[in-house]
Novice: 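One structure is given below, represented as structure tokens, and several questions about it will come after.
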Amino acid sequence: MELIDGNQIASAIIAELKAEVANLKGRKPCIALVRVGNDPASLSYVAKKEKTAAEIGLTSRIILPPETVTQDELFALLDQLNADPAVDGILVQSPLPKHINEVAVFRRVSPTKDVDGFNTLNLGKIAQEDETGFVACTPAGIMELLKRSNVDLKGKHVVVVGRSLIVGKPVALLALQKKAGANGTVTVCHSATANLPAITRLADVLIAAIGRPEFVTADMVKPGVVIIDVGINRLPDATKKSGFRLVGDVQFPTVSKLASKITPVPGGVGPMTVAMLMQNTVKAYRLQTAH
Ligand code: NDP
């Protein structure tokens, strides 16, 4: 069994981006990070993105609207950032307060600055295989992990469990694309799928994006399968200082014995998300400045 090391692959991408940015003439690519309120998870996510941006040599602009910000005020802020030629990428950190319609906010970000890839147009561009779009960071990260682990999906049966807009659906479309590394035969499963284990057992590559701790067990996979575990779940654990431990959607100790390659949790898909955000920001800069 080979471990697909997301930390190592993300570090390599960050180093490549750093070299690329160092060679850019003129101003550096700039990402605007919008964090509403003080949600503790958002605080740490935005801090990590700011730190990685600085490491690569990107400029970041942190905007901190209060928890009480109205949707219209947020729209006005995004309109301003959309129109600002010095800003290449815009990220609105999720989750947003309950009184804000998150999807409407994501749609307000200009498609050309949508480095999170949540805008309707960018999702459509994946279906059309239009390379000028932005692919959401987690599905982009999954494809990059596969590519850099020499897993070619051509001729393989790829089973995706989960059909969310941020992971399951886009990764299924990417695996299906008619291009090098992709060309998979894709099955997408969800909570209404009948006899799920019979389908997952057919998978050459299994992508689990379910949000249920250790849901995929050894009896649900075939020997030699490649496993991408997207899930991040907290299980209570009194032996840990934090009081919990992180597990994926796959029961790692048993499934890893059968898999040919597998991502761990943590340290698999997770680290790729920030790396792909940075890659999207450099791409947005190039598209905007024609560099
Ligand atoms: P969602 O809750 O939006 O989607 C979960 C999907 O799993 C749904 O399509 C749901 O089906 C399906 N599902 C739920 N229960 C079952 C079941 N019993 N059998 C089959 N399918 C089921 O989650 P996300 O896609 O946003 O995230 C999935 C996981 O990935 C989470 O653990 C999340 O924390 C993690 N994540 C990790 C990221 C990373 O950077 N590593 C980034 C984003 C997410 P239905 O549509 O029918 O409800």
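For ligands, and for the atoms within them, numbers begin at 1 and follow the listed sequence.
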Novice: Return yes when atom CD of Glu2 has more than 12 non-hydrogen atoms of other residues, nucleotides or ligands closer than 6.0 Å, and no otherwise.
Specialist: yes
Novice: Need the ligand 1 atom indices (1-based, order shown) with element for anything under 4.0 Å from a heavy-atom of Gly211.
Specialist: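 In order of numbering, the contacting atoms are 28 (C), 29 (C), 31 (C), 32 (O).
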Novice: Numbering the atoms of ligand 1 from 1, which are under 4.0 Å from a heavy atom of Thr273?
Specialist: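 Counting atoms of ligand 1 from 1, those under 4.0 Å from Thr273 are 39 (C), 40 (O).
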Novice: Where is the nearest protein heavy atom to atom 10 (C) of ligand 1: which residue, which atom, and how far?
Specialist: Ser191 N, 4.4 Å
Novice: Answer yes or no for Ala209: is there a heavy-atom contact with ligand 1 below 4.0 Å?
Specialist: yes
Novice: Is the NZ atom of Lys156 crowded by more than 12 outside heavy atoms at less than 6.0 Å?
Specialist: yes
Novice: Between Arg108 and Asp79, is the closest basic N to carboxylate O distance under 4.0 Å?
Specialist: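 Here Asp79 pairs with Arg108 in a salt bridge, since their nearest N and O are under 4.0 Å apart.
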Novice: Do Glu131 and Lys125 have side chains that get closer than 4.5 Å, going by heavy atoms?
Specialist: no
Novice: Is there any N or O on Gly168 that sits under 3.5 Å from an N or O of ligand 1?
Specialist: no
Novice: Under the 3.5 angstrom rule, does the side chain of Asp114 hit a backbone N or O of Ser110 as a donor-acceptor pair?
Specialist: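 Judged by distance alone, no pair lies under 3.5 Å.
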Novice: For atom 17 (C) of ligand 1, which protein heavy atom lies nearest, and how many Å away is it?
Specialist: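 Of the protein heavy atoms, Phe215 CZ, 3.7 Å lies nearest.
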Novice: Look up atom CD in Gln251 and atom CG in Asp219, then write down how far apart they are to the nearest 0.5 Å.
Specialist: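 The distance works out to 8.5 Å.
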Novice: Identify the residue among Arg27, Arg286, Lys28 that makes a side-chain hydrogen bond (donor to acceptor under 3.5 Å, both in side chains) with Asp88.
Specialist: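 Among Arg27, Arg286, Lys28, the one meeting side-chain hydrogen bond (donor to acceptor under 3.5 Å, both in side chains) with Asp88 is Arg27.
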Novice: I'd like to check which ligand 1 atoms, numbered from 1 as shown, lie under 4.0 Å from a non-hydrogen atom of Gly231.
Specialist: 29 (C), 30 (O), 32 (O), 35 (C)
Novice: Any idea which protein heavy atom is nearest atom 46 (O) of ligand 1, and the distance to it?
Specialist: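 That would be Arg163 NE, 2.7 Å.
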Novice: Check whether any side-chain heavy atom of Val115 lies under 4.5 Å from a side-chain heavy atom of Ile31, and answer yes or no.
Specialist: yes
Novice: For ligand 1, which atoms have a heavy atom of Thr138 less than 4.0 angstrom away?
Specialist: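 Those atoms are 40 (O), 42 (C).
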Novice: Just so I know, are the side chains of Gln93 and Leu43 near enough to count as touching, which here means a heavy-atom distance under 4.5 Å?
Specialist: no
Novice: Taking atom NZ of Lys154 as the centre, does the number of heavy atoms from other residues, nucleotides or ligands within less than 6.0 Å exceed 12?
Specialist: no
Novice: To check your reading of the model: name the closest protein heavy atom to atom 3 (O) of ligand 1, its residue, and the distance in Å.
Specialist: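 Here the nearest protein heavy atom works out to Ser164 CB, 3.3 Å.
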Novice: Using a strict cut-off of less than 4.0 Å between a Lys/Arg side-chain nitrogen and an Asp/Glu carboxylate oxygen, indicate whether Arg148 and Glu144 qualify as a salt bridge.
Specialist: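 Yes, this pair counts.
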Novice: State the atoms of ligand 1, each with its element, that fall below the 4.0 Å cut-off from a heavy-atom position in Gly270.
Specialist: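 Result: 40 (O), 41 (N).
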Novice: Would you mind telling me if ligand 1 is within reach of the side chain of Arg212, the backbone, both or neither, using heavy atoms under 4.0 Å?
Specialist: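 Arg212 to ligand 1: side-chain contact only, backbone stays beyond 4.0 Å.
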Novice: Where is the nearest protein heavy atom to atom 44 (C) of ligand 1: which residue, which atom, and how far?
Specialist: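 Heavy-atom neighbour on the protein nearest atom 44 (C) of ligand 1: Val167 CG2, 4.0 Å.
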Novice: Considering only non-hydrogen protein atoms, determine which one is nearest to atom 13 (N) of ligand 1 and report residue, atom name and distance to 0.1 Å.
Specialist: Ile210 CG2, 3.6 Å
Novice: Atom 21 (N) of ligand 1: which protein heavy atom is closest, and how many Å away?
Specialist: His190 C, 3.1 Å
Novice: Does the pair Lys283 and Glu20 meet the rule for a salt bridge (Lys or Arg N to Asp or Glu O under 4.0 Å), with working shown?
Specialist: CA-CA 11 Å; Lys283 179 177 180 179; Glu20 186 180 343; over 6 Å; no
Novice: Hey, which atoms in ligand 1 end up nearer than 4.0 Å to a heavy atom of Gly162?
Specialist: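 Numbered from 1, ligand 1 contributes 6 (C), 7 (O), 9 (O).
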Novice: Ile166 heavy atoms, cut-off 4.0 Å: which ligand 1 atoms fall inside?
Specialist: 26 (O)
Novice: Mark up the atoms of ligand 1 that fall under 4.0 Å of a heavy atom belonging to Val230, in ascending order.
Specialist: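 Near Val230, the atoms of ligand 1 are 30 (O), 35 (C), 36 (N), 37 (C), 41 (N).
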Novice: Select the closest option to atom 33 (C) of ligand 1 among Val216, Ile142, Ile232, judged by heavy-atom distance.
Specialist: Ile232
